[in-house]
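Some notes on the structure that comes next.
Every chain is numbered from 1 and lettered A, B, ... according to where its sequence line falls, protein lines coming before strand lines.
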Number of protein chains: 2
Amino acid sequence: MAKTPQGGTANASRRDAQGTRLRLLDAASELFAERGYERATVRDIASRAGANQALLFRYFGSKKALFGEVMARGGQEQLRSTPPERLFEVALRGMLAGGGKAGTDRSLEVCLRSIGGSDEIAEALRGLGEEYAEVLATLSEGETGSLRADLALSWLLGIGLMRVVVAKEPLASADPDTVCALVAGALGNLLENLPKNGPADGESAGNPE
Amino acid sequence: MAKTPQGGTANASRRDAQGTRLRLLDAASELFAERGYERATVRDIASRAGANQALLFRYFGSKKALFGEVMARGGQEQLRSTPPERLFEVALRGMLAGGGKAGTDRSLEVCLRSIGGSDEIAEALRGLGEEYAEVLATLSEGETGSLRADLALSWLLGIGLMRVVVAKEPLASADPDTVCALVAGALGNLLENLPKNGPADGESAGNPE
DNA sequence: CCCTTGTGTAAGCACCTGCTTACATCACGG
DNA sequence: CCGTGATGTAAGCAGGTGCTTACACAAGGG
């Protein structure tokens, strides 16, 4: 089977650069999501990947570059594969589901836990935020459309912050459906083209120019 | 003028423990708000206070204890001096005003910038959050009252996060009145007893008891 | 006067961080 | 068989962190 370890089907038994590179990337994804950028050390990342930290630097150059690759890899799948009017709910449900499951997009979680870090990190996070906001902005018309999108995104991040990072009760263990319904109801006034399925929705009051 | 330096009107010219203790506390408040817990170093705090870091440890014991005193000092004035139905708007406006002015309560800003830190810090933040949420919970009835309060608080923090920490445009430089109006409109569905009013203060709608 | 007590300060310690270097080990080509 | 280059590893470096220790100065009382 295994062709040259360089080839395609990574055997990854012993000496396989591609394989260890991938393991490093996965381990970094996990640890950045669990602890944020600053508190996830390169030693821990390498250790979880079953590799040496020197390899990390050989393959990625620096911790920041590794962070960049992590964010670029998983961050935008969800963004592209979800229609705008469902993006908010999907992202919210992903956040509410928490980090338990594998395969879910944890890049927003990484954002939340990395906020206190250096300014360059904040820059990267702003980038991801702008991609989300850009999509959400299509749900509102008028000049305040992108501002409304920012506010919606703010709520999304705030909920994740309180639930995942701070673990404030009763939000931390509230039923995702309940939370979704409450948020969707209140958000109906903000993003006009959001599909209304929540319990409460008034008629939208006059819009502000 | 100056009585004994121990006395009341701190001359603080040379050897005044009370004075330097206060200066350390003030410097810590500023730096924690500017950089968060982790990135504010004891050396910087002592330096800004015009003191030596050894004094900081003599007076406060540890960096965490200093953080605790900072949070306990300024954190709850606003909370106690504001009637519940105006708490959200006051806190939101404080957040929107940003750190420019002195004297405003920056404890929420400290929270936002310190999130990535150690677990004990998250605990302290949860404490402040619960006090806010407890007050906000009085604005909704039913079983989901405190959950709605959590969601409102989440939005508050999320907005601060996007505006102050991430500096995402257009939210970062949006007009506070506009933001307040948008949020209040959407939040009317969530907190039933929130006073629905225009942007600026106007005369006090209902006075507190 | 000296001695005690409170205040301020410089230097250092132990640890952790991202990152680098020198060296072992394996695969493969001559 | 040996060399050559890619892969993996241990040890170390420079810098920063919270925190401690040993010491200098000022005030006041015996």
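- With sequence neighbours left out, the side chain to side chain donor-acceptor pair (under 3.5 Å) criterion links S146(B) to no other residue.
- Checked against salt bridge (charged side-chain N to carboxylate O under 4.0 Å, His left out), R43(A) has no partners two or more places apart in sequence or in another chain.
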Subject >> Annotated protein contacts, base or backbone, on nucleotides 15-24 of chain C with a non-hydrogen cut-off under 4.0 Å, one of B, S, - each >> reply: --BBBBB---
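- Evaluation of the side chain to side chain donor-acceptor pair (under 3.5 Å) rule for S62(A) yields no partner, not counting sequence neighbours.
- Checked against salt bridge (charged side-chain N to carboxylate O under 4.0 Å, His left out), E131(A) has no partners two or more places apart in sequence or in another chain.
- Every residue two or more places apart in sequence or in another chain that forms a side-chain contact (heavy atoms from CB on, under 4.5 Å) with D119(B) is listed here: R39(A).
- For the side chain to side chain donor-acceptor pair (under 3.5 Å) test, residues two or more places apart in sequence or in another chain that qualify with E169(A) are S173(A).
- Contacts of E34(B) classified as side chain to side chain donor-acceptor pair (under 3.5 Å), with partners at least two apart in sequence or in another chain: R48(B).
- For R21(B), the salt bridge (charged side-chain N to carboxylate O under 4.0 Å, His left out) partners at least two apart in sequence or on another chain are E69(B).
- Atom pair Q18(A):CD and dG8(D):P shows a separation of 11 Å (rounding to whole Å applied).
- Atom OH in Y59(B) sits roughly 11 Å away from atom P in dG6(C) (whole-Å rounding).
- Axis orientation changes by 50° from one end of the helix from dC1(C)-dG30(D) to dG30(C)-dC1(D) to the other, with each end axis drawn from 5 pairs and the value rounded to 10°.
- Partners of D26(A) under the side-chain contact (heavy atoms from CB on, under 4.5 Å) rule, at least two apart in sequence or in another chain, are R73(A).
- The CG-C1' distance, from D16(A) to dG8(D), rounds to 12 Å in whole Å.
- Screening I45(B), L25(B), L55(B), V70(B) for a side-chain contact (heavy atoms from CB on, under 4.5 Å) involving F60(B) leaves a single residue, L25(B).
- For the segment residues 24-35 of chain B, the set of residues with a heavy atom within less than 4.0 Å of an atom of DNA chain D is empty.
- Rounded to whole Å, the distance from CZ on R23(B) to P on dT7(C) is 13 Å.
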